Amino acid sequence: MSDFFENKFIYLRALEPEDIDTLYKWENRTDYWRYGATMQPFSRYAIRQYVIDAVGGIFETKQLRMMIINKQNEEKVGTIDLYDFDIHHKRAGIGILIYPPFQRNGYATEAIECMERYAFKCLRLNQIFAYITVENQPSIALFNKAGFVNTATIKKWILLESGYFDVFLMQKINPIGQK
């Protein structure tokens, strides 16, 4: 396992065919849809194709989703993504999902640290960013703790059941820097 993708408590690994049922369960939870771009359920076939297509890698697919694994018991606790990968501008979005029974145990912080290390040291990105709805205080606190800075408020960006919501654009610039 690469040093980028692990620490003392967790490791990140590529998606495997045995993850299809887990992803099917997680991706089809309608309460998660408000945090992403999903507005419809996914079929097992679509998720299987997603896992197969992920073999192309971040340079081909412009995204990378990895499973977050608890090292102690090998349990799947969530996923973490780099998305909207832009090689020219050297940036990517970052998103994370921790399945509810595993939330508030430090997995998200650990996973962000691993993915950040990969993004900055291996991919040599200038920055990673996240869009977070203003009412999502747990995610705002998580990304603040990880060193992200709220650099903009985008007005009425996300439409939810109760209306439009503003989002914060949170960014973390590579401390090594790019010229």
Side-chain angles (χ1 to χ4, degrees), residues 4-7 9-15 23 26-27 29-39 50 54 57-59 61-69 76-100 102-160 162-178:
F4 296 122
F5 297 120
E6 70 178 313
N7 62 30
F9 305 104
I10 59 115
Y11 65 91
L12 309 180
R13 68 158 171 77
L15 298 178
L23 291 171
W26 292 352
E27 292 291 341
R29 285 188 54 143
T30 57
D31 54 326
Y32 290 170
W33 292 358
R34 68 187 330 231
Y35 300 111
T38 302
M39 296 297 292
Y50 176 80
I58 193 168
F59 289 95
T61 64
K62 306 301 181 213
Q63 65 180 26
L64 173 66
R65 175 171 290 178
M66 300 190 81
M67 195 63 69
I68 304 166
I69 308 296
K76 301 171 191 174
V77 299
T79 59
I80 188 163
D81 300 80
L82 289 179
Y83 65 91
D84 289 346
F85 175 66
D86 186 327
I87 191 64
H88 177 73
H89 296 292
K90 297 190 178 296
R91 65 179 176 235
I94 186 168
I96 190 160
L97 178 149
I98 303 296
Y99 195 59
F102 306 108
Q103 290 176 354
R104 301 203 185 347
N105 288 303
Y107 295 118
T109 300
E110 299 291 326
I112 289 171
E113 286 175 6
C114 289
M115 191 61 92
E116 176 187 318
R117 196 166 45 245
Y118 171 70
F120 288 160
K121 292 184 178 177
C122 183
L123 296 177
R124 298 179 39 86
L125 296 184
N126 179 56
Q127 67 174 283
I128 49 180
F129 62 87
Y131 295 108
I132 304 172
T133 55
V134 297
E135 98 289 350
N136 189 347
Q137 290 302 311
S139 286
I140 293 167
L142 168 68
F143 280 88
N144 278 328
K145 180 179 177 184
F148 284 69
V149 176
N150 177 8
T151 57
T153 300
I154 305 171
K155 299 293 186 184
K156 295 187 176 186
W157 194 254
I158 300 287
L159 177 61
L160 301 174
S162 57
Y164 282 95
F165 280 79
D166 297 349
V167 299
F168 291 144
L169 169 59
M170 300 192 72
Q171 296 173 282
K172 186 164 188 180
I173 306 299
N174 188 339
I176 298 168
Q178 305 286 326

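All residue numbers refer to positions in the sequence shown, counting from 1. Just so you know, these numbers come straight off a predicted model, no measurement behind them. Below, all heavy atoms of this structure are taken into account, side chains as well, without hydrogens, waters or symmetry copies.
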Side chains of Phe129 and Thr151: closer than 4.5 Å at any heavy-atom pair?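 With C-beta onward as the side chain, the pair stays apart.
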Sidechain-backbone polar pair: Asn105 side chain, Gln103 backbone, donor-acceptor under 3.5 Å: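 Checking the backbone N and O of Gln103 against the side chain of Asn105, a donor-acceptor pair under 3.5 Å is found.
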Do Ile68 and Phe102 make a side-chain contact, defined as non-hydrogen atoms from C-beta onward lying under 4.5 Å apart?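 A side-chain contact under 4.5 Å is absent here.
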Using side-chain heavy atoms (C-beta onward) and a distance below 4.5 Å, is Leu169 in contact with Tyr131?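 The answer is yes; the side chains approach within 4.5 Å.
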Is there side-chain contact between Met67 and Leu15, with at least one heavy-atom pair below 4.5 Å?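 Heavy-atom side-chain distance check passes, below 4.5 Å.
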Assess the residue pair Thr79 and Met66 against the criterion (side chain to side chain contact (heavy atoms under 4.5 Å, CB included)); give the C-alpha distance rounded to whole Å, side-chain angles, the decisive distance to 0.1 Å, and a yes or no. CA-CA 6 Å; Thr79 59; Met66 300 190 81; over 6 Å; no
Measure across Met115 and Leu12 and return the closest heavy-atom pair with its distance rounded to 0.1 Å.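 What the structure gives for the nearest pair is N-CD1, 4.1 Å.
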Using the benzene-type ring in the case of Trp, are the ring centres of Phe85 and Phe59 under 6.0 Å apart?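 Centroid separation for Phe85 and Phe59: below 6.0 Å.
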Look at the rings of Tyr118 and Phe5 and say which category their plane angle falls in: under 30° parallel, 30 to 60° tilted, over 60° perpendicular.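 Answer is tilted, since the angle falls between 30° and 60°.
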Evaluation steps, side chain to side chain contact (heavy atoms under 4.5 Å, CB included), between Leu123 and Leu82: CA-CA 11 Å; Leu123 296 177; Leu82 289 179; 4.0 Å; yes
Nearest 0.5 angstrom please: Ile154 CD1 to Phe165 CZ, how far?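 Nearest 0.5 Å value for the CD1-CZ distance: 15.5 Å.
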Flag, side chain of Asn144 to backbone of Ala146, donor-acceptor distance under 3.5 Å: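 Not a single qualifying donor-acceptor pair exists.
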If you measure from CG on Asn7 to CD on Glu113, what distance do you get to the nearest 0.5 Å?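 Here the interatomic distance stands at 7.0 Å.
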Minimum-distance pair of heavy atoms, taken over all atoms of Asn126 and His89: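 Answer, listing the atom of Asn126 first, then His89: CB-O, 4.3 Å.
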Arg124 versus Lys90, closest heavy-atom pair with distance: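 Heavy atoms of Arg124 and Lys90 come nearest at O-CD, 3.6 Å.
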Do Glu6 and Arg117 come within less than 4.5 Å of each other through their side chains, counting heavy atoms only?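 No, too far: nothing below the 4.5 Å cut-off.
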Test item: Asp86 side-chain N/O and Arg91 main-chain N/O as donor-acceptor pair under 3.5 Å: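 It does not hold such a pair.
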Quick one, Phe120 and Ile128 - any side-chain contact, counting heavy atoms below 4.5 Å?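 When only atoms from C-beta onward are counted, Ile128 and Phe120 do touch, with a gap below 4.5 Å.
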Can you check whether Lys156's main-chain N or O pairs, donor with acceptor, with Asp166's side chain at less than 3.5 Å?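 At least one qualifying donor-acceptor pair exists.
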Is any side-chain heavy atom of Leu125 closer than 4.5 Å to a side-chain heavy atom of Asn174?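 Leu125 vs Asn174: side chains apart.
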Salt bridge (Lys or Arg N to Asp or Glu O under 4.0 Å) with Arg65: which residues, sequence neighbours excluded?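 For Arg65 the salt bridge (Lys or Arg N to Asp or Glu O under 4.0 Å) partners, ignoring immediate neighbours, are Glu27, Asp81.
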The test is side chain to side chain contact (heavy atoms under 4.5 Å, CB included); show your working for Ile96 and Tyr107 and say whether it passes. CA-CA 10 Å; Ile96 190 160; Tyr107 295 118; over 6 Å; no
Hey, what do you get for CD1 (Ile140) to OG1 (Thr133), rounding to the nearest 0.5 Å?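 OG1 of Thr133 is found 7.0 Å from CD1 of Ile140.
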